[in-house]
Amino acid sequence: MTGIAQSADRPQLTAAVSAMGDLIYQTSKAHKFDISQPQFEGWVLVIAQKYLPADATQPEAEDFVGSLRLEDLALARACAAGHERAWEQFMHRFRELLYDAALGIAKESSQAKDLADSIYADLYGMNERDGQRVSKLSSYTGRGSLEGWLRTVIAQEFINRYRSRKRLVSLEEEEEEGQQFAAADPAPPVATDSRVNTVVDESLKTLDNESRVILSAYYLDGRKLAEIGRMLGFHEATASRKLERITKALRKSIRDGLLKKGMSKRQADEALETDVRDLGVDVRKSLAQERSP
């Protein structure tokens with residue numbers, strides 16, 4: 001144990017990470033990238049604090065930590081920090097996968113190369129913010145394989161480009177037709193219990209990246225399950241099963257959250273039928289790629 005800083009409001013999480021400190025560090029092989037044990041434990045603690053409920057027990061926290069892809073997490077965070085040996089290992093493992101995944105989505109070699117190259121730049125951290133390099137890899141939390149996470153990153157980037165082109169084409173068509181559009185009068189807002197907005201937003205933000213991409217592509221972009229499966233590297237039937245599992249788990253999470261907020265079972269069930277357009281929640285933003293905790 002290394003005695004990481006005690007969390008005043010979540011001591012059971014600190015205790016869990018500390019109790020598993022040596023095992024966590026050895027499993028992660030973080031020492032290969034000059035990452036210290038306290039530093040790595042600190043990352044794991046922050047991830048646990050983000051995704052575990054406030055009333056999680058120490059055994060539950062230990063189970064959660066034990067489920068993380070610790071070696072992938074160490075590699076991703078080392079790459080995000082600019083460690084050259086880590087980046088070399090990353091490229092050796094994932095260069096071909098990234099291009100193949102991009103080609104599977106874009107279906108055309110030059111577009112696939114452009115898509116993969118843009119992802120490389122985001123992953124490597126070509127930009128800086130407040131003097132710090134900004135790498136998309138810092139948002140990887142180890143809750144699934146790094147390979148699967150990379151597929152969702154590529155799929156999300158492709159979807160973002162699709163949306164951008166769609167908006168651009170729509171505007172160009174309107175301009176060509178010479179149409180003048182006045183701002184439509186906004187429909188009167190439907191009163192929604194603030195607890196519903198809060199719980200829906202919290203539940204969406206706990207989803208992993210793959211779940212976010214599947215929900216966004218299917219419900220917001222109207223993509224077919226076969227296309228979603230192709231983007232993420234699995235069969236249409238698997239995409240269907242995943243979508244069903246995600247929506248079922250999301251409904252349960254929202255319902256449980258509403259009950260904890262003081263709603264009756266009847267009120268919670270009625271709230272689940274609320275039209276998403278009536279919520280005070282930016283669903284598209286909540287389903288965007290998760291950021292580093």
Side-chain angles (χ1 to χ4, degrees), residues 4-21 23-25 27-28 30 35 37-77 80 135-153 156 195 197-216 232 242-243 245-261 281-283 285-293:
I4 57 178
Q6 183 75 11
S7 174
D9 56 340
R10 312 284 292 278
Q12 73 278 23
L13 303 188
T14 305
V17 175
S18 293
M20 301 176 68
L23 177 61
I24 290 171
Y25 192 62
T27 303
S28 71
I35 299 170
Q37 184 167 337
Q39 184 179 21
F40 191 75
E41 286 183 26
W43 291 337
V44 172
L45 177 60
V46 171
I47 292 168
Q49 288 172 331
K50 179 177 181 180
Y51 292 108
L52 285 174
D55 57 354
T57 63
Q58 183 173 336
E60 288 172 338
E62 290 178 359
D63 287 343
F64 173 80
V65 171
S67 72
L68 296 177
R69 302 295 187 99
L70 298 172
E71 191 170 352
D72 280 354
L73 179 61
L75 176 62
R77 294 301 174 90
S135 166
K136 193 179 285 290
L137 281 164
S138 63
S139 67
Y140 173 69
T141 58
R143 294 196 300 153
S145 71
L146 185 53
E147 176 179 335
W149 181 85
L150 288 168
R151 288 184 183 278
T152 67
V153 168
Q156 186 64 58
R195 292 174 294 182
N197 295 331
T198 300
V199 171
V200 169
D201 191 44
E202 290 174 349
S203 296
L204 290 175
K205 288 180 178 177
T206 63
L207 294 173
D208 59 46
N209 277 355
E210 182 180 88
S211 298
R212 292 163 184 256
V213 169
I214 291 173
L215 289 177
S216 179
L232 297 176
K242 284 177 178 285
L243 179 64
R245 175 183 57 78
I246 295 165
T247 52
K248 187 179 295 184
L250 187 59
R251 286 179 66 88
K252 183 179 185 302
S253 172
I254 293 172
R255 188 175 188 275
D256 290 346
L258 294 174
L259 293 175
K260 288 181 180 179
K261 293 285 186 182
V281 177
D282 187 340
V283 175
K285 183 177 180 181
S286 294
L287 287 176
Q289 289 285 299
E290 65 182 344
R291 296 179 181 177
S292 177

Throw together a table of side-chain donor-acceptor distances under 3.5 angstrom for residues 60-69, partners on residues two or more places apart or in other chains.
unit_1	atom_1	unit_2	atom_2	d
Glu60	OE1	Thr57	N	2.9
Glu60	OE1	Thr57	OG1	3.4
Glu62	OE2	Gln58	NE2	3.1
Ser67	OG	Phe64	O	2.6

Checklist outcome for this item: In terms of heavy-atom contacts, Ser138 and Ala80 come closest through N-CB, 3.8 Å

Checklist entry - Are Val199 and Asp256 close enough, and set up right, to give a side-chain contact (heavy atoms from CB on, under 4.5 Å), and what steps lead you there? => result CA-CA 9 Å; Val199 171; Asp256 290 346; over 6 Å; no

Checklist entry - Any side-chain heavy atom of Ile47 within less than 4.5 Å of one from Leu73? => result yes

Item to check | Side chains of Phe40 and Leu70 in contact at under 4.5 Å (non-hydrogen atoms) | outcome: yes

Next on the checklist: For Thr206 versus Glu202, what's the shortest heavy-atom pair and its separation?
Outcome noted: CG2-O, 3.2 Å

Next on the checklist: I need the minimum non-hydrogen distance between Thr198 and Lys261, along with the two atoms involved.
Outcome noted: CG2-NZ, 4.1 Å

Checklist entry - Under 3.5 Å, is there a donor-acceptor pair between the side chain of Arg143 and the main chain of Leu207? => result yes

Checklist entry - Can you tell if the side chain of Ile35 reaches within under 4.5 Å of the side chain of Trp43, non-hydrogen atoms only? => result yes

Next on the checklist: Using side-chain heavy atoms (C-beta onward) and a distance below 4.5 Å, is Arg251 in contact with Arg255?
Outcome noted: no

Checklist outcome for this item: What one should report as the nearest heavy-atom pair of Ala76 and Leu137 is O-CB, 3.6 Å

Next on the checklist: If I compare all heavy atoms of Tyr140 with all of Ser145, which pair ends up nearest, and what's the gap?
Outcome noted: OH-C, 3.6 Å

Checklist entry - Quick one: does Glu41's side chain get under 4.5 Å of Leu45's, heavy atoms only? => result no

Checklist entry - Are the side chain of Thr247 and the backbone N or O of Leu243 linked by a donor-acceptor pair below 3.5 Å? => result yes

Item to check | All side chain to side chain contact (heavy atoms under 4.5 Å, CB included) counterparts of Arg245, not counting sequence neighbours | outcome: Lys242

Checklist entry - Between Glu210 (side chain) and Thr152 (backbone), is there a donor-acceptor pair under 3.5 Å? => result no

Checklist entry - Considering residues at least two apart in sequence or located in another chain, which fulfil the side chain to side chain donor-acceptor pair (under 3.5 Å) criterion with Lys260? => result none

Checklist entry - Taking the side chain from Arg212 and the backbone from Lys205, do they hold a donor-acceptor pair closer than 3.5 Å? => result yes

Next on the checklist: Looking at Gln37 and Gly21, would you say the former's side chain and the latter's main chain have a donor-acceptor pair under 3.5 Å?
Outcome noted: yes

